[in-house]
Number of protein chains: 2
Amino acid sequence: MTTDEAVAGTTTPPPAGLRERKKQRTRAALVRSALELFTRQGYERTTVDEIAEAVEVSQRTFFRYFANKEEVAFASQESAECHFFAALCARPAGEAPLAALRGATLDAWGSIGGALEQLVPPELHMRMYRVIESTPSLLAVHLRRIAELEERLAREIARREGLDIDADPRPRLVVAMFGGVIRVAGKLWTEGDEDSVVTLRDLTAFHLDYVGPTLAEKWDK
Amino acid sequence: MTTDEAVAGTTTPPPAGLRERKKQRTRAALVRSALELFTRQGYERTTVDEIAEAVEVSQRTFFRYFANKEEVAFASQESAECHFFAALCARPAGEAPLAALRGATLDAWGSIGGALEQLVPPELHMRMYRVIESTPSLLAVHLRRIAELEERLAREIARREGLDIDADPRPRLVVAMFGGVIRVAGKLWTEGDEDSVVTLRDLTAFHLDYVGPTLAEKWDK
DNA sequence: TGTCAATTGTCAGACGCTGACATTAGCCTC
DNA sequence: GAGGCTAATGTCAGCGTCTGACAATTGACA
């Protein structure tokens with residue numbers, strides 16, 4: 001469901017039942033409270049009971065919305081990832097693989113704000129990203145999620161190029177290399193003190209442009 | 001301590017005190033029992049109490065040797081990673097970055113057996129690798145550890161090339177791309193049913209040779 | 001041998017997470 | 001609009017990971 005929203009950029013227009021709307025509100029409240037607490041006092045120092053209490057539901061209810069404490073921390077990441085995947089699918093068919101990935105990245109970073117603000121303030125999303133990068137257990141999960149996203153990206157690339165993903169290693173390889181570059185940019189951004197999305201976008205573009213020179217046999221100083 | 005052993009390939013010759021040797025034995029016993037249990041019945045289905053009981057120590061003692069349940073699962077990986085890092089440091093200074101990484105990989109896979117068997121049977125190490133790749137929580141930690149290793153590799157590459165790691169993105173970029181390729185190879189190996197190290201080494205080499213063609217503007221079919 | 005310090009065991013408890021069952025509250029029909 | 005159906009929630013008990021505190025044990029060394 002979150003997937004569809006992110007891809008189409010719409011919330012289901014019919015208000016549906018009261019029941020359903022209440023569920024959505026509870027879920028959103030849990031996400032917001034959780035991210036607020038995580039960014040304020042840290043992920044580890046926040047207990048599930050605290051989050052539940054802030055929304056005035058029982059701990060058991062929290063675990064009916066999220067499989068575990070980590071999941072709620074990635075709620076807004078989930079949207080962002082879907083958004084990026086959609087951006088790749090929207091790139092023109094003629095584009096070469098790496099160019100398409102590059103284009104999708106810039107497109108996605110340009111329009112991420114709108115896709116997110118339904119769920120959480122973009123600024124909170126950005127602060128949470130920093131928390132993820134600096135919390136070992138969350139970073140681990142984040143890297144696994146990225147790996148899963150990369151698998152989907154590779155399949156899309158294979159589709160675009162009309163290749164069999166199990167026979168040709170190149171789709172997975174571009175994506176893996178691309179992913180590596182993205183991570184370097186993201187990590188550097190986290191370590192800096194510039195908060196804006198634009199900075200991150202430019203940093204990413206800059207690093208992507210360095211792929212060629214980096215693979216040259218001899219590096220010039 | 002494990003680091004030094006792996007790098008130098010030696011166990012501290014003086015037997016040290018009885019106390020110290022007993023500690024080493026307990027530690028090794030915990031690792032072996034843990035990996036045995038993990039590979040036999042799965043990581044999640046193995047409790048810390050079980051591991052402790054198999055070695056006849058208290059649960060509390062287990063947690064004095066390992067910070068958490070995950071750590072013991074990566075004991076042999078730790079050796080392998082150090083071994084690989086040492087292999088990179090041993091590559092001739094003139095070699096280009098990517099070539100050095102490639103060479104180090106093949107060197108390391110060639111000599112990994114000897115470095116490991118002090119701790120666990122290499123065959124157990126390989127089976128454990130599969131468990132890691134197929135257990136979500138372990139995979140996550142594994143990816144984070146790889147990321148940490150990549151940081152060290154990048155610093156070594158920067159040193160070799162006489163570059164400032166914070167000023168030039170290329171060291172981190174090669175390593176990131178390289179890491180991506182390695183992961184693709186490793187994952188494919190896990191999915192196959194060939195168990196041997198040689199297969200993994202060849203698969204890795206094959207994928208590394210594909211980096212060039214993969215980055216070509218247009219892929220030929 | 002006796003003292004000192006390191007290692008281990010025991011115990012209590014916080015926290016994440018789950019199954020089972022009772023309770024509440026939206027929905028739908030008559 | 002009363003009553004029955006079902007989904008959502010709360011309550012409770014319990015397992016597993018992990019930690020702090022304190023007591024008991026055991027190697028080291030004078």
Side-chain angles (χ1 to χ4, degrees), chain A residues 1 12 14-31 33-35 37-38 41-75 131-132 135-141 144, chain B residues 1 12 14-31 33-35 37-38 40-75 131-132 135-138 140-141 144:
Chain A
M1 64 194 88
T12 34
L18 197 161
R19 203 176 219 152
E20 193 58 28
R21 275 183 298 146
K22 192 173 176 180
K23 254 172 60 179
Q24 297 295 347
R25 263 188 291 121
T26 308
R27 196 194 137 86
L30 283 170
V31 171
S33 292
L35 298 203
L37 287 165
F38 291 161
Q41 58 190 24
Y43 176 74
E44 324 260 14
R45 278 187 300 279
T46 304
T47 85
V48 172
D49 292 273
E50 258 178 301
I51 303 168
E53 204 169 348
V55 185
E56 293 181 295
V57 294
S58 70
Q59 191 217 51
R60 194 64 182 84
T61 295
F62 173 93
F63 283 112
R64 283 197 257 255
Y65 280 90
F66 305 96
N68 46 51
K69 188 180 162 187
E70 278 149 13
E71 198 173 299
V72 69
F74 287 96
V131 174
I132 290 172
T135 307
S137 60
L138 288 184
L139 177 56
V141 174
R144 180 169 49 82
Chain B
M1 64 192 90
T12 35
L18 194 160
R19 200 172 230 161
E20 192 59 29
R21 275 184 297 147
K22 190 172 178 180
K23 255 173 58 180
Q24 297 297 345
R25 263 188 291 121
T26 307
R27 197 192 134 87
L30 282 171
V31 171
S33 292
L35 298 202
L37 287 166
F38 291 161
R40 193 184 318 146
Q41 58 191 25
Y43 176 75
E44 323 260 14
R45 277 186 301 278
T46 305
T47 79
V48 173
D49 292 272
E50 258 178 301
I51 303 169
E53 203 170 349
V55 185
E56 294 181 296
V57 295
S58 71
Q59 190 215 53
R60 193 66 182 83
T61 295
F62 173 93
F63 283 112
R64 282 197 257 256
Y65 280 89
F66 304 97
N68 45 52
K69 186 181 163 187
E70 278 149 15
E71 198 173 299
V72 69
F74 287 96
V131 174
I132 291 173
T135 306
S137 61
L138 289 184
V141 174
R144 179 170 49 82

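Reminder, nothing fancy here: chain letters follow the sequence lines and each chain counts from 1.
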Separation of A/L138 atom CG from C/dG16 atom P, in whole Å? 13 Å
Qualifying ring-ring contact (aromatic ring centres under 6.0 Å, His included) pairs with a residue from residues 50-70 of chain B, counting only residues at least two apart or across chains: B/F62-B/F66
Side chain to side chain contact (heavy atoms under 4.5 Å, CB included) partners of B/S137, counting only residues at least two apart: B/Y43, B/E44, B/T135
Sequence-distant partners of A/A34, side chain to side chain contact (heavy atoms under 4.5 Å, CB included), two or more places apart: A/F38, A/I51, A/V72
Does the protein touch nucleotides 11-22 of chain D at the base, only the backbone, or not at all? Give it as B, S and - per nucleotide, heavy atoms under 4.0 Å. B-----BBBBB-
What integer distance in Å separates A/R25:CZ from D/dA8:P? 14 Å
Apply ring pair (Phe, Tyr, Trp, His ring centres under 6.0 Å) to B/F74 and list each qualifying residue two or more places apart in sequence or on a separate chain. none
With sequence neighbours left out, what residues match A/T46 under side-chain hydrogen bond (donor to acceptor under 3.5 Å, both in side chains)? A/Q41
Hey, is CD on B/E53 packed in by over 12 heavy atoms from elsewhere, all under 6.0 Å? no
Protein-proximity profile, nucleotides 24-30 of chain C, B/S/- by nucleotide at the 4.0 Å heavy-atom cutoff, equals -BBS---
Could you pull out all residues at least two apart from B/T47 that satisfy side-chain hydrogen bond (donor to acceptor under 3.5 Å, both in side chains)? none
Closer than 4.0 Å, any side-chain N/O of B/Y65 to the OP1 or OP2 of C/dT8? yes
With B/R64, which residues qualify under side chain to side chain contact (heavy atoms under 4.5 Å, CB included), at least two apart? B/R60
